[in-house]
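To start, the structure itself, in structure tokens.
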Protein chains: 2
Amino acid sequence: MKNRKIPLNLNCGLDLVGEVLYGKWKMRLLWFIKQGHKRPSELQRQIPDASRRVLNVQLKELEDHALISKVVYPVVPPKVEYSLTEFGESLIPVIGAIGEWGDRNEARLRSLILAKPVLDGEA
Amino acid sequence: MKNRKIPLNLNCGLDLVGEVLYGKWKMRLLWFIKQGHKRPSELQRQIPDASRRVLNVQLKELEDHALISKVVYPVVPPKVEYSLTEFGESLIPVIGAIGEWGDRNEARLRSLILAKPVLDGEA
DNA sequence: TGCATAGGGGATAAAATTATCCCTATGCAA
DNA sequence: TTGCATAGGGATAATTTTATCCCCTATGCA
């Protein structure tokens with residue numbers, strides 16, 4: 001989400017959403033924030049597969065896109081809390097729908113995804 | 001979607017959906033197929049920003065993930081038609097919801113996305 | 001033979017996204 | 001004085017994803 005060399009294409013709603021939601025951890029971040037995990041360290045605990053750095057970067061993008069807002073408390077040790085903006089809230093049902101579809105089809109998706117064409121031999 | 005070095009994480013529904021829907025043109029492909037644009041050349045016309053090759057690759061992945069099915073007619077010149085599987089159909093409402101949210105918030109999204117932090121100077 | 005059609009796909013380059021590493025700062029506890 | 005917790009960020013490497021290039025199939029027709 002830096003300066004792109006390939007021009008953005010923002011033709012339809014789908015493209016627009018992509019711009020703000022395309023990011024490996026973004027939907028999960030929004031979701032966990034919605035669940036009340038507001039502090040960076042909490043989010044990090046919820047999503048241990050991502051590094052702290054990466055979460056920061058994606059949180060920053062979500063913030064730039066006005067989906068979340070950030071409050072920095074001037075205390076030591078530092079304390080930061082994120083929360084959904086109204087705009088971000090409006091996206092929750094959509095994310096919910098995506099997640100539900102995934103949950104509903106979990107078994108099937110899992111097997112489809114793991115069913116790589118056999119030729120993975122590598123040890 | 002090749003052999004990954006970084007392990008997949010398939011913890012929740014959201015991750016699973018990501019695996020099959022994460023791809024720059026995938027949702028649009030599904031959407032256009034749903035609209036009745038079944039042949040590769042038609043899809044290409046609908047999505048001129050993507051090269052033929054790229055669409056083929058993504059179509060192949062959608063097919064591998066059982067969201068679409070492909071029929072090759074043994075005629076010359078070749079004729080191919082894609083259609084949504086039942087599984088793919090079940091995803092349409094979700095994609096619809098995403099697109100609607102995007103459409104509803106088009107103006108806002110557009111300005112947020114284009115409002116890069118000013119320091120893009122480049123000539 | 002040459003071209004058009006409709007579709008495929010390998011190899012490789014480029015771009016975008018993620019991950020890793022290391023460093024900053026404060027105040028308190030050992 | 002070192003260590004820990006909390007949060008942030010630059011630089012750079014690794015990975016993944018997209019794009020570009022070029023060539024191939026087969027038939028029918030000029």
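Proteins come first, then strands; the chains are lettered A, B, ... in the order of their sequence lines, and each starts at number 1.
- Rounded to 10°, the helix from dT1(C)-dA30(D) to dA30(C)-dT1(D) has 40° between the axis fitted to its first five pairs and the one fitted to its last five.
- Looking at residues two or more places apart in sequence or on another chain, you find no side chain to side chain donor-acceptor pair (under 3.5 Å) involving Asn56(A).
- Between Val54(A) and Glu81(B), the residue anchored nearer the 5' end of DNA chain C, judged by the nucleotide with its closest heavy atom, is Glu81(B).
- Residues Ile98(A) and Met27(A) are in side-chain contact: their nearest non-hydrogen atoms beyond the backbone lie under 4.5 Å apart.
- Side chain of Arg4(A), nearest nucleotide from dT17(C), dA19(D), dT18(C): dT17(C).
- Contacts classified as salt bridge (charged side-chain N to carboxylate O under 4.0 Å, His left out) and involving residues 91-101 of chain A (residues at least two apart or in different chains) are not found.
- Nearest nucleotide to the side chain of Ile6(B), out of dA19(C), dG8(D), dA16(C): dA19(C).
- Applying the 4.0 Å criterion to OP1 and OP2 of dA19(C), one finds that Lys24(A) has a side-chain N or O inside that range.
- The distance from atom NZ of Lys60(B) to atom P of dT18(D) is 16 Å, rounded to the nearest whole Å.
- When the nearest nucleotides of DNA chain C are assigned to Lys5(A) and Ala50(A) by heavy-atom distance, the more 5′-ward of the two goes with Lys5(A).
- We find that CG of Asp64(B) is positioned 11 Å from P of dG9(C), with the value rounded to whole Å.
- Remark: Val76(B) engages no residue in a side chain to side chain contact (heavy atoms under 4.5 Å, CB included) (not counting sequence neighbours).
- In this structure Glu106(B) satisfies the side chain to side chain donor-acceptor pair (under 3.5 Å) test together with Arg110(B), sequence neighbours excluded.
- For Leu8(A) and dA16(C), the CG to C1' distance is 12 Å, given to the nearest whole Å.
- Between the CG atom of Leu59(B) and the P atom of dA6(C) there is a distance of 17 Å, given to the nearest Å.
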Letter per nucleotide, 5' to 3', of nucleotides 21-30 of chain D [B base touched, S only sugar-phosphate touched, - untouched; heavy atoms, 4.0 Å]: ------B---
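- In the set dG8(C), dT16(D), dA7(D), dA7(D) carries the atom at the smallest distance from any side-chain atom of Val80(A).
- Taking only side-chain nitrogens and oxygens, Tyr22(B) comes nearer than 4.0 Å to OP1 or OP2 of dT18(C).
- Dashed line: the shortest gap from a side-chain N or O of Lys70(A) to OP1 or OP2 of dA7(D) is not under 4.0 Å.
- Regarding contacts with the backbone of dG8(C), a side-chain N or O of Asn56(B) is found under 4.0 angstrom from either OP1 or OP2.
- Evaluation of the side chain to side chain contact (heavy atoms under 4.5 Å, CB included) rule for Val57(A) yields Arg53(A), Glu61(A) as partners, not counting sequence neighbours.
- Below 30°, between 30° and 60°, or above 60°: for Phe32(B) and His37(B) the angle between ring planes is above 60°, a perpendicular geometry.
- Nucleotide dA16(C) holds its P atom 22 Å from the CH2 atom of Trp25(A), rounded to whole Å.
- Taking atom CG of residue Leu55(B) and atom C1' of nucleotide dG9(C), one finds them 14 Å apart after rounding to whole Å.
- Listed by chain and number, the residues in a side chain to side chain donor-acceptor pair (under 3.5 Å) with Trp101(B) are Ser90(A) (sequence neighbours excluded).
- Contacts classified as salt bridge (charged side-chain N to carboxylate O under 4.0 Å, His left out) and involving residues 84-96 of chain A (residues at least two apart or in different chains) are given here: Lys34(A)-Glu89(A).
- If you take CG of Asn9(B) and C1' of dT16(D), they are 14 Å apart, rounded to a whole angstrom.
- The list of salt bridge (charged side-chain N to carboxylate O under 4.0 Å, His left out) pairs with a residue in residues 36-49 of chain A, not counting sequence neighbours, is empty.
- Of the residues in residues 28-46 of chain B, Arg39(B), Pro40(B), Ser41(B) come within less than 4.0 Å of DNA chain C through at least one heavy atom, sorted by number.
- Leu16(A) and Leu8(A) fall within the same hydrophobic cluster, where Ile, Leu, Val, Met, Phe, Trp and Tyr residues are linked whenever their side-chain heavy atoms come under 4.5 Å apart, directly or through other members.
- Applying the side chain to side chain contact (heavy atoms under 4.5 Å, CB included) rule to Val71(A) yields the partners Tyr73(A); only residues at least two apart in sequence or on another chain are considered.
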